[in-house]
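Chain letters run A, B, ... following the sequence lines, proteins first and then strands; every chain starts at 1. Please read these numbers as outputs of a predicted model, since none were measured by experiment.
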Protein chains: 2
Amino acid sequence: MTSPFLHKGHDHSTCIQTALDAADVVCQSHKARLTPIRRRVLELVWQGHSPLGAYELLKTLKTEGHNSAPPTIYRALEFLIQQGLVHRIASLNAYVGCNRPGEHHDGTFLICHVCGTAAEIPDNPMWGPISEMAQAGNFRLSHVNVEAVGECADCQRATGQES
Amino acid sequence: MTSPFLHKGHDHSTCIQTALDAADVVCQSHKARLTPIRRRVLELVWQGHSPLGAYELLKTLKTEGHNSAPPTIYRALEFLIQQGLVHRIASLNAYVGCNRPGEHHDGTFLICHVCGTAAEIPDNPMWGPISEMAQAGNFRLSHVNVEAVGECADCQRATGQES
DNA sequence: GCTCATATTGTTATAATATAACATTTCTAT
DNA sequence: ATAGAAATGTTATATTATAACAATATGAGC
C-alpha cells in the first residue's frame, strides 16, 4: 500500500483542481447547487491538507469582499459535508477536504500533531473489528469516526526521530 | 464476547461505587490527589452511561453549594482525564466515565444516538488495522480515538426495529 | 418571458463550549 | 512552624456554533 501522506513538496494545485472537479460531478449527480460561496469555501478548505477552523475560513472570505458572518461559513460547510466533500475533525473543531468524494464512507484520519496534516485513509479495514464488536452488543452501527493522532514521516525526519 | 452495553435495568449504584473505588486506587498509585471536588465531579460524570456536558455538570455542582465557575469543572475534568478516569467524547463535547481506569488505553466507543449511552469497548482489535495503515505511511501512532454512532439493542427494541 | 414556491444568502443576536490570568487558600514536605 | 507547590476562587474573555427572521436569487411550470 502506498502512503496516505503526500510528500511535502507535492504539487498541491492539482489536489485543489481535482477536488473542485470532483465536487462539480458529485453535486451534479446529487442535483445540488455548488454556488460560488460553497465552491469558494471548498477551495479554501483545500488550501492545504490540515484541517482549518470555521473562523479561519471565514476570515479569508471576509477579505474577499464577501459580506460574511458565521452562518455563511457554517452553512457552506454543512452543505459540503452533506455532499461528502468535506469532513469535520471533531477533536480539532476543524474541517478538511475529503479524499474520496462521492464514495460512501466515514472519515478515518491519521493526524500529525506537529504539522497538523490530516491524512484520510480507507476505513474498510476498521469495519471488520468494529462491526464484530458492535454485533456482540446487538448495536446497529451507523457510522464510525476515527481520529488517530501521531507524527507523520516528514515531521519525524525534521525532528530527527526517524527510526 | 459479552455485550459492552449494560441492560437498562442494571444496578447502577455499583457502577458508581466501582468507579470511585478504582479512582482511589489509581490516584494513590499515581500520587495524585482525588480532592472532594474532583471526586464529586467523577461521581457526577458517573451518574449515568451517557456523556455529559461540562456545563451540565457545573450546574449540578452549583446547586450543591460549591461556588463554581467554568474553570472549576474544566480543571476537574482535565485532572480526571489525565488520570485515565474520564474520557472526552469529541463529537459530543461531552465527558463520560472510563470503564478501564488505570489500564493504558484510548477511548473507543459505541454511542447510541437515541438514548445517548456510550459504551466503551476494548480498543485492541482496532489497533491491528490502523497500525498497519499507519506503518504504511511511516506514521508514528500516538493514540487513536474511535467514536462509532448507531443504535443500541435496548433502543432498537423500544422502537420496534429489532432484527 | 412571467410567477410562484423554494433554496440560498444576509443580518443581528445569542448560545454553548472552553481558556487566560491572577488572587487566594490549602496541602505537604521539611 | 513554614516555605514551596498544588489546588481552588474569581473575573474576564476567547472560541465555536446556532437561532431567527429578512431579503434575494433560482429554477420549474406555465
A.B. asks: Do the side chain of Asn138(B) and the main chain of Ala153(A) share a donor and acceptor less than 3.5 angstrom apart?
C.D. replies: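 Checked: no pair found.
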A.B. asks: Is there a continuous path of hydrophobic side-chain contacts, each under 4.5 Å between heavy atoms, that joins Leu110(B) to Met126(B)?
C.D. replies: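 Per the 4.5 Å side-chain linkage, Leu110(B) and Met126(B) are co-clustered.
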A.B. asks: Whole Å only: how far is the CG atom of Leu80(A) from the P atom of dT8(C)?
C.D. replies: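 Atom-to-atom, Leu80(A) to dT8(C), this comes out as 12 Å.
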A.B. asks: What distance separates Met133(A) CE from Ile121(B) CD1, expressed to the nearest 0.5 Å?
C.D. replies: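 With rounding to 0.5 Å, CE (Met133(A)) is 3.5 Å from CD1 (Ile121(B)).
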A.B. asks: Can you list the residues that meet the salt bridge (Lys or Arg N to Asp or Glu O under 4.0 Å) rule with Arg38(A), with sequence neighbours excluded?
C.D. replies: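 Residues passing salt bridge (Lys or Arg N to Asp or Glu O under 4.0 Å) with Arg38(A): none at all.
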A.B. asks: In whole Å, I'd like the distance from the CD1 atom of Ile89(B) to the C1' atom of dA16(C).
C.D. replies: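 Roughly 18 Å, once rounded to whole Å.
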A.B. asks: If the threshold is 4.0 Å, N to carboxylate O, is there a salt bridge linking Lys59(B) and Glu56(B)?
C.D. replies: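 The answer is no: the pair does not qualify as a salt bridge.
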A.B. asks: Name the pairs: protein N/O against N/O of nucleotides 11-22 of chain D, kept only if under 3.5 Å.
C.D. replies:
unit_1	atom_1	unit_2	atom_2	d
dA17(D)	OP1	Arg88(A)	NE	3.2
dA17(D)	OP1	Arg88(A)	NH2	2.1
dA17(D)	OP2	Tyr74(A)	OH	3.0
dA17(D)	OP2	Tyr95(A)	OH	3.3
dA17(D)	O5'	Tyr74(A)	OH	3.4
dA17(D)	N7	Tyr55(A)	OH	2.5
dA17(D)	N6	Tyr55(A)	OH	3.2
dA20(D)	N6	Arg75(A)	NH2	3.2

A.B. asks: Roughly how many Å is it from NZ in Lys62(B) to P in dT8(D), rounded to a whole number?
C.D. replies: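 Whole-Å distance recorded here is 17 Å.
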A.B. asks: Rounded to the nearest angstrom, tell me the gap between atom CD in Glu78(A) and atom P in dT8(C).
C.D. replies: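 To the nearest whole Å, that distance equals 10 Å.
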A.B. asks: Taking a hydrophobic cluster as the set of Ile, Leu, Val, Met, Phe, Trp and Tyr residues connected by side-chain heavy atoms closer than 4.5 Å, whether directly or through intermediates, do Leu20(A) and Tyr95(A) fall within one such cluster?
C.D. replies: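 Per the 4.5 Å side-chain linkage, Leu20(A) and Tyr95(A) are co-clustered.
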A.B. asks: I'd like to know if Ile130(A) and Val149(B) are part of one continuous hydrophobic network [Ile/Leu/Val/Met/Phe/Trp/Tyr, side-chain heavy atoms within less than 4.5 Å].
C.D. replies: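 No: no chain of side-chain contacts under 4.5 Å links Val149(B) to Ile130(A).
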A.B. asks: Rounded to the nearest angstrom, tell me the gap between atom CG in Leu61(B) and atom P in dA7(D).
C.D. replies: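 Leu61(B) atom CG is separated from dA7(D) atom P by 17 Å.
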A.B. asks: For the pair Asp106(B) (side chain) and His143(B) (backbone), establish whether a donor and an acceptor sit closer than 3.5 Å, ignoring hydrogens and angles.
C.D. replies: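 Not a single qualifying donor-acceptor pair exists.
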A.B. asks: Using a 4.0 Å cut-off on heavy atoms, which residues in residues 27-44 of chain B reach DNA chain C? List them by number, or say none.
C.D. replies: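 Listed by number, they are Arg33(B).
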